[in-house]
Structure formats: structure tokens, C-alpha cells
Protein chains: 2
Amino acid sequence: MRVTINDIAKAANVSPATVSRAIADSPRISKATKKKIFKIMEEMNYYPNVIARSLARKSTNIIGILVMGTTEKAFQHPFFPEILRGVASVAYKNKYKILISSVTNMDEQREIVDDLTQSGITDGILLLSSGVKDPSITYLKEIQFPFVVVGRPDNENEVNWVDNDNISVGYKMTQHLIEMGCTEIAFLGVDRKFIVTLDRLKGYKMALQDNNIALNEDLIVEGKFVDDTGYELMKNLMEKGIVPSGVIACDDLLAFGVIKYLNEKGLKVPDDVAVAGFNNVPLSSYFTPPLTSVDINAFSLGAKGFELLMACMKSEYKSFNRAIIPTQLIIRESTLKK
Amino acid sequence: MRVTINDIAKAANVSPATVSRAIADSPRISKATKKKIFKIMEEMNYYPNVIARSLARKSTNIIGILVMGTTEKAFQHPFFPEILRGVASVAYKNKYKILISSVTNMDEQREIVDDLTQSGITDGILLLSSGVKDPSITYLKEIQFPFVVVGRPDNENEVNWVDNDNISVGYKMTQHLIEMGCTEIAFLGVDRKFIVTLDRLKGYKMALQDNNIALNEDLIVEGKFVDDTGYELMKNLMEKGIVPSGVIACDDLLAFGVIKYLNEKGLKVPDDVAVAGFNNVPLSSYFTPPLTSVDINAFSLGAKGFELLMACMKSEYKSFNRAIIPTQLIIRESTLKK
DNA sequence: CTGAACTGAGCAAACGGTTGCACCGAAGGA
DNA sequence: TCCTTCGGTGCAACCGTTTGCTCAGTTCAG
């Protein structure tokens with residue numbers, strides 16, 4: 001069968017304990033012994049069994065990523081792999097492995113969280129969520145399991161989290177459109193379940209106020225955040241007789257739908273209507289016209305999220321940390337009115 | 001500390017072995033005893049420790065997903081999360097967990113594969129790859145570890161794999177363009193490292209031949225498969241003085257770049273040049289014009305891949321299986337010449 | 001009435017590491 | 001020379017389950 005630490009010990013004429021310590025690079029083992037052991041490990045093609053190690057150490061060096069999609073669309077959004085890549089990048093450097101788990105519907109959440117936490121398979125988990133009143137967050141706090149939320153939760157002072165400053169993001173974008181001469185700016189895709197959209201909306205309102213533009217509630221359109229219903233949302237708006245001079249969609253995917261509808265109606269973007277999105281998906285720059293957006297730096301969200309998690313796993317839950325990842329307004333043709 | 005099987009045993013006045021067997025629903029334990037044990041487990045809030053279980057069982061119910069990106073772009077492509085979702089979907093039903101691992105550069109491959117296989121953490125692995133002569137495939141065969149490749153490998157008879165019939169995919173698309181009246185059809189984005197692009201090219205050639213159209217090598221342009229360099233590729237082609245009546249790009253993302261360039265040059269799509277892509281990324285339908293593509297059914301690729309892997313893990317490596325996932329030509333405006 | 005066949009459950013040895021503590025020999029100080 | 005100190009290593013318990021055997025008690029056929 002496979003070669004174990006005992007085989008190495010026998011071959012090296014030492015005890016298994018010594019081999020174990022050599023592998024852990026314990027200072028209690030002499031250079032000479034280590035060298036001998038490593039040589040034999042190499043020769044015998046030995047790999048430590050991480051399961052056995054995990055059992056003994058009571059820690060697995062595995063973290064779980066929980067995608068709190070109320071819908072499977074969450075998985076499909078381009079920023080998901082980017083976050084994942086960010087996490088993977090720093091996790092790999094720190095010898096951590098990543099277990100992903102799909103959450104399909106809300107009923108399964110509790111079960112999946114239990115599966116990840118109580119079974120002892122993960123040392124900590126990263127929650128991809130920006131949902132309002134997320135029950136998993138409450139539960140994780142309750143069982144005192146190390147976790148970090150990617151996306152600011154509503155009880156922001158009681159958990160570790162990392163996010164963009166979405167209020168500022170909304171503000172910046174609105175400010176930009178105002179500077180481009182837009183006065184009637186529609187805000188599309190507010191989903192009251194997602195804090196991120198609410199925050200961006202808040203920023204939007206603040207910018208209007210700072211520019212002495214009256215808020216018109218009719219211009220604020222609710223919709224599913226990550227579903228691609230921009231086309232319908234815009235259609236509904238215009239069929240009410242409202243033709244804004246600028247549109248901010250809560251996500252680029254929504255914005256694409258908006259532009260599609262405007263095109264069909266013969267309205268020019270940006271000259272008739274300026275359109276902007278958020279999240280800067282890879283295709284925004286290839287769209288016609290290239291879409292103004294905000295880069296949220298999803299890679300960093302993931303990377304920083306993992307760093308916080310590591311800290312959290314070590315520090316036995318003393319204080320709560322947060323991190324704000326800077327964003328970048330990417331101005332492209334879709335808002336550049338002549 | 002956490003409650004273990006021994007605590008349950010004591011509370012139920014039975015041996016740990018009996019509890020273990022009750023959990024496994026062994027016929028050797030009486031209904032009455034089982035009932036008593038389950039009740040106590042519930043009361044004491046017991047969760048089995050999967051690490052200890054894995055050690056004893058020598059199997060973890062975890063599979064690894066290896067993303068063989070020569071570049072990190074692989075992670076970013078929209079079909080990646082779709083495949084992942086497919087895998088997760090059926091894995092979840094079968095009580096399997098998923099470990100993902102990032103492969104950044106080729107040098108790390110071996111190390112990461114060892115990490116996943118030799119450490120005992122996974123029971124099998126899914127390789128996301130369509131690379132030519134993938135060294136990891138050779139290695140996995142060598143160590144006799146259960147694995148399935150998503151994407152037909154070159155030694156197709158010696159491994160388990162699942163893929164689309166990319167030759168047919170290329171054929172169908174070419175045939176479509178020919179029927180739309182295109183005679184000079186460019187084929188963009190052939191990457192000799194990727195079997196998938198080579199297969200699609202093969203289909204392209206077959207279709208030309210079947211329609212008695214002479215092959216013009218100048219129309220075949222190599223490029224990076226998943227990089228968004230369609231713009232440059234098209235530019236290079238046209239700057240050689242070649243203006244095809246149709247363009248097939250090996251991926252939608254390339255096609256977007258192609259269209260962008262054509263727009264800039266004042267050429268109308270599809271009337272001047274018909275353009276098609278592959279993989280049917282979510283945005284293709286929102287593009288202007290909506291892009292003709294082929295849906296590769298990435299979800300099924302993942303789901304079926306996992307099913308094959310399960311079979312492979314059980315069947316001690318007897319025979320090799322494969323599965324072909326059907327594709328669907330999605331005709332949209334970008335190729336509908338008037 | 002006795003031995004065989006069953007049922008239901010327990011003992012104890014794995015599984016492959018880690019780690020607190022004991023131990024031993026050599027060096028150093030008194 | 002004797003006692004301490006200390007570097008280097010081994011012993012054995014432990015991590016929480018699983019599982020091959022054994023075994024006690026019943027049932028039942030001969």
C-alpha cells in the first residue's frame with residue numbers, strides 16, 4: 001500500500017515522532033537527522049496523509065466558500081470567478097485548499113452550513129453574500145465559527161467583512177453622469193434583498209442632493225440584481241412615458257439590456273441617453289458602445305477576504321475586522337455625450 | 001468540546017461501534033436501538049467528524065477540480081462557472097464535496113496534482129482541460145488515480161472524458177455560414193495547444209470540402225483561444241487586404257472583438273461580414289447585433305463529467321468511458337444576411 | 001435435552017499522523 | 001568528580017470513526 005510515516009521511520013532508524021517533527025521542521029531535530037529523513041522520504045516517494053494529519057491537528061487547512069445565491073445566477077456572474085481567483089491565489093500561497101459549495105435554495109442553506117462547519121472539514125468559511133438579514137450569518141455567529149463575508153452585511157459591526165464602498169461607488173457614477181449634463185437619471189435594478197444595490201442607490205441620492213437635483217422616485221426602478229432583465233426594466237420605464245437622459249444600471253449585464261432596448265427604439269447611446277453599469281464585466285469594453293462602468297476589483301475582494309479569514313481563524317474571535325477595496329470609475333463611450 | 005460518537009454511545013448505553021453501525025444503517029442493529037440512538041444524537045446535537053471517518057474509511061467523498069489554465073483567463077471564461085455549477089449540482093446530490101484548485105503556470109501542475117492525489121484528500125479528480133499532450137493526464141494515468149477529463153484529450157482511448165463533438169460543431173457553423181451565402185469564410189483563433197480549436201477547424205475544413213469550396217489557408221488565423229484578442233486578429237487579417245464575407249471565431253469573446261473592429265472600419269455585420277462565435281456566452285444575445293453561436297451546454301459537461309468520475313471511482317479502473325454532450329446552433333442576427 | 005443457527009451488540013485493532021513528557025548522553029560549571 | 005543543563009530522540013496516548021471477530025442469549029430442529 002501507500003508509504004506511511006512509519007515506513008520512513010523504520011528506514012531511517014528513527015521513531016515516527018522524529019519523522020513527524022522533521023517534516024514540521026521542528027528545531028528539536030538535528031540538521032543531520034532531518035537531512036537523512038528527507039533523503040529517505042524522497043527515495044520512498046512519501047507524501048503525508050493530510051487526513052490523518054488533520055485529525056491529529058484538529059485543523060484541515062481547508063476553507064469553504066459558500067455562494068449564497070438565492071438564484072444560481074450568482075454563480076454565473078463574471079465577478080464570481082474573479083473573486084474565486086483572488087481567494088485561490090492567496091490561499092494557495094498559504095497552503096490552504098478551497099472547498100466550494102453550491103447553495104441553490106434557501107432551505108438548504110442551514111444544512112450546507114452545518115455540513116461545512118460541524119463536520120470538521122473546514123477551518124473557516126468565506127461567505128459570498130450581500131443579502132439583507134442573511135440567516136447563515138446569524139447562525140455562524142451563534143456557533144462561533146470563523147467566517148468572513150464578502151459583501152457588507154447589515155450587522156456590519158459584528159462580523160468580519162470585505163467590500164467596496166458601494167455608497168461612494170454609486171455617488172461617483174451619478175456625479176459623472178451629472179457632469180456629462182444628465183439631469184434626469186434613472187437608477188435601475190435596485191433589489192431590496194441586496195445591500196449592494198441599496199448602497200449604490202444611497203450614493204445616487206446623495207449625489208443628486210449635492211447637485212441640487214430633485215429626487216424623482218419614478219426614476220428608481222426595482223429589479224433583479226444579477227438577472228439580465230435590463231431590457232424589460234427599461235421598456236417598462238419608457239412605456240410609462242419616461243425618457244431619462246441618463247441611466248445607471250446596478251450591473252453591466254442590466255446595462256446591456258437597457259442599451260439593446262434603446263437601440264431598438266432608435267435612441268442613440270450616449271447622445272440621447274447615457275448609460276452606465278457597475279462591476280465592469282470583461283465584455284463591457286467590447287460592447288457597442290463600450291460601457292462606462294465601475295471596476296470593483298473582484299480579485300482583491302477575494303484575496304483580501306481570505307486574508308481576513310486567516311486572521312480570524314488564528315485569533316480566536318477577538319475583534320472584528322473589515323476591509324474596503326477601492327474601486328475605479330471606468331469611463332467609456334456610453335456616457336460620453338458630445 | 002465537540003460531541004463525539006463516544007459521548008453518544010455512553011448516553012445511549014451502547015458501544016461506539018453500535019452507534020457507528022446505527023448511523024450507517026447497518027441491518028445488524030435492531031430498529032429499537034437505532035431509534036434510541038438517533039434520538040440521543042438529535043438531543044446532543046451530534047455531527048459525525050468526517051475527517052475521522054475519512055481516515056477510517058480511506059475515502060473522503062471529496063473530488064478535486066483541476067483547472068488546467070495555461071493562463072488565468074481560463075478561470076474567467078463564462079463557461080467555467082457553468083461547468084462548475086453542473087459538477088456541483090450532481091456532486092451535491094451524491095454527498096460529494098468539491099475542492100477546487102487553481103493552476104497558474106505549468107511548473108506548478110505536478111505539484112498541485114500530487115497535492116490533490118497523494119495526500120489522500122480527494123477520491124478522484126476532474127480535469128478541466130483540452131490541452132494537447134497534457135502532462136498531468138499522463139501522470140494521473142501513471143499513478144492510477146481516478147480522473148475524468150472535461151475536454152477530449154489526444155489519447156482519447158486511454159482515459160475517461162466528456163466533451164462536445166467539436167468537429168461537428170465546427171462543421172455545423174461553417175455549413176450555416178455557407179448557407180447564408182458566405183464563400184470566403186475566415187476562421188479565427190486557432191490555438192494549436194487546444195484540441196477544441198483544432199477540432200472546430202477540422203469541422204470547418206470538412207464543411208468547405210463538402211460544399212466544394214477551396215480551402216484558403218490565409219483565412220485561417222491562429223490566436224489565443226480564450227484571450228480577447230479578436231480585435232487584433234481581425235485587424236491583422238484585414239490589413240493583409242483580406243476581407244472575408246464571413247468570420248467564425250473560436251469563441252464568442254473573440255467574435256465581439258472582431259465585430260468591434262468591423263464597426264470601426266464601417267463594415268456592417270452581418271450584411272458586409274457575417275460573424276459567428278462559439279460557446280454562447282450569456283452576453284451574446286445582448287450584443288449588437290446579437291451573436292450567432294453554438295451552445296455547448298457547459299452545465300451538462302460538468303454534470304456528466306462528475307457522473308463518469310463517480311463510475312470511475314467505483315469501478316477500480318476497468319474500462320474507459322466517454323460521453324458526448326450535444327450542442328445547439330443558436331442563430332442570431334450576426335449571421336443573418338438579407 | 002442438546003447442539004446448531006441466528007440475532008444483536010461489544011472488543012479492540014486499525015486508519016496515519018501529532019505531541020506532551022520522559023529519557024539519555026554529553027557538555028559545562030562548581 | 002559530581003551535579004546540572006540541555007540538545008536530541010523515543011514512548012505512548014490521542015484525534016474520532018470503522019469494521020473483523022467474538023460472544024452471550026434465544027430459538028428451534030433433531
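All figures in this text were calculated on a predicted structure; none of them were measured in a lab. So that the names make sense, note that chain A is the first sequence line, chain B the second, and so on, each numbered from 1.
Contact check, A/Lys58 against D/dG16: a side-chain N or O comes under 4.0 Å of OP1 or OP2. An OP1 or OP2 oxygen of D/dT17 is reached within less than 4.0 angstrom by no side-chain nitrogen or oxygen of B/Ser54. Distances shorter than 4.0 Å separate none of the side-chain N or O atoms of A/Thr4 from OP1 or OP2 on C/dG16. At the phosphate of C/dG17, OP1 or OP2 sits under 4.0 Å from a side-chain N or O atom of A/Tyr46. OP1 or OP2 of D/dG10 lies within a sub-4.0 Å distance of a side-chain N or O belonging to A/Thr18.
Remark: A/Arg322 does not engage A/Asp163 in a salt bridge, criterion side-chain N to carboxylate O under 4.0 Å. Ion pair B/Glu42/B/Lys39 not flagged as a salt bridge, since none of the NZ, NE, NH1 or NH2 atoms sits closer than 4.0 Å to an Asp/Glu carboxylate oxygen. With respect to the salt-bridge test (charged N to carboxylate O, under 4.0 angstrom), the residues A/Lys97 and B/Asp115 qualify.
Rounded to an integer number of Å, the gap from CD1 of B/Ile37 to C1' of C/dA9 is 10 Å. Between the NZ atom of B/Lys36 and the P atom of C/dG8 there is a distance of 14 Å, rounded to whole Å. One atom, NZ of A/Lys10, and another, C1' of D/dG10, lie 15 Å apart when rounded to the nearest Å. Protein atom NZ of A/Lys31 is 17 Å distant from nucleotide atom C1' of D/dT9, rounded to whole Å. Rounded to whole Å, atom P of D/dG16 lies 15 Å from atom CD1 of A/Ile51. When the P atom of D/dA12 is taken as reference, atom CG of A/Asn6 falls 14 Å away, rounded to whole Å. A/Lys35 has its NZ atom 16 Å from the P atom of D/dG8, to the nearest Å. For the pair B/Ile29 CD1 and C/dG8 P, the computed distance is 9 Å after rounding to whole Å.
Heavy atoms of other residues, nucleotides or ligands lying less than 6.0 angstrom from CD of A/Glu43 number more than 12.
Each of A/Arg28 and B/Pro16 was matched to the nucleotide of DNA chain D holding its nearest heavy atom; the match closer to the 5' end belongs to A/Arg28. Position along DNA chain C of the nearest nucleotide to A/Arg57 versus B/Arg21 favours B/Arg21 as the more 5'-ward residue. Along DNA chain C, the nucleotide nearest to B/Leu55 and the one nearest to B/Ser30 differ in position, and the one closer to the 5' end is contacted by B/Ser30.
Residues A/Leu309 and A/Asn160 have side chains not in contact (no heavy-atom distance under 4.5 Å, counting atoms from C-beta outward). Between A/Val67 and A/Phe80, some side-chain heavy-atom pair lies under the 4.5 Å cut-off.
Note on B/Asp7: nothing from the nucleic acid sits closer than 4.0 angstrom, heavy atoms only. B/Val50 comes within 4.0 angstrom of nothing in the nucleic acid, heavy atoms only. Using a 4.0 Å heavy-atom distance criterion, A/Arg53 is classed as a sugar-phosphate-only contact.
For B/Ser20, taking side-chain heavy atoms from C-beta onward, the closest of the listed nucleotides D/dG10, C/dG16, D/dT19 is D/dT19. Taking every side-chain heavy atom of A/Ala56 into account, C/dG16 is the closest of D/dG10, D/dT9, C/dG16.
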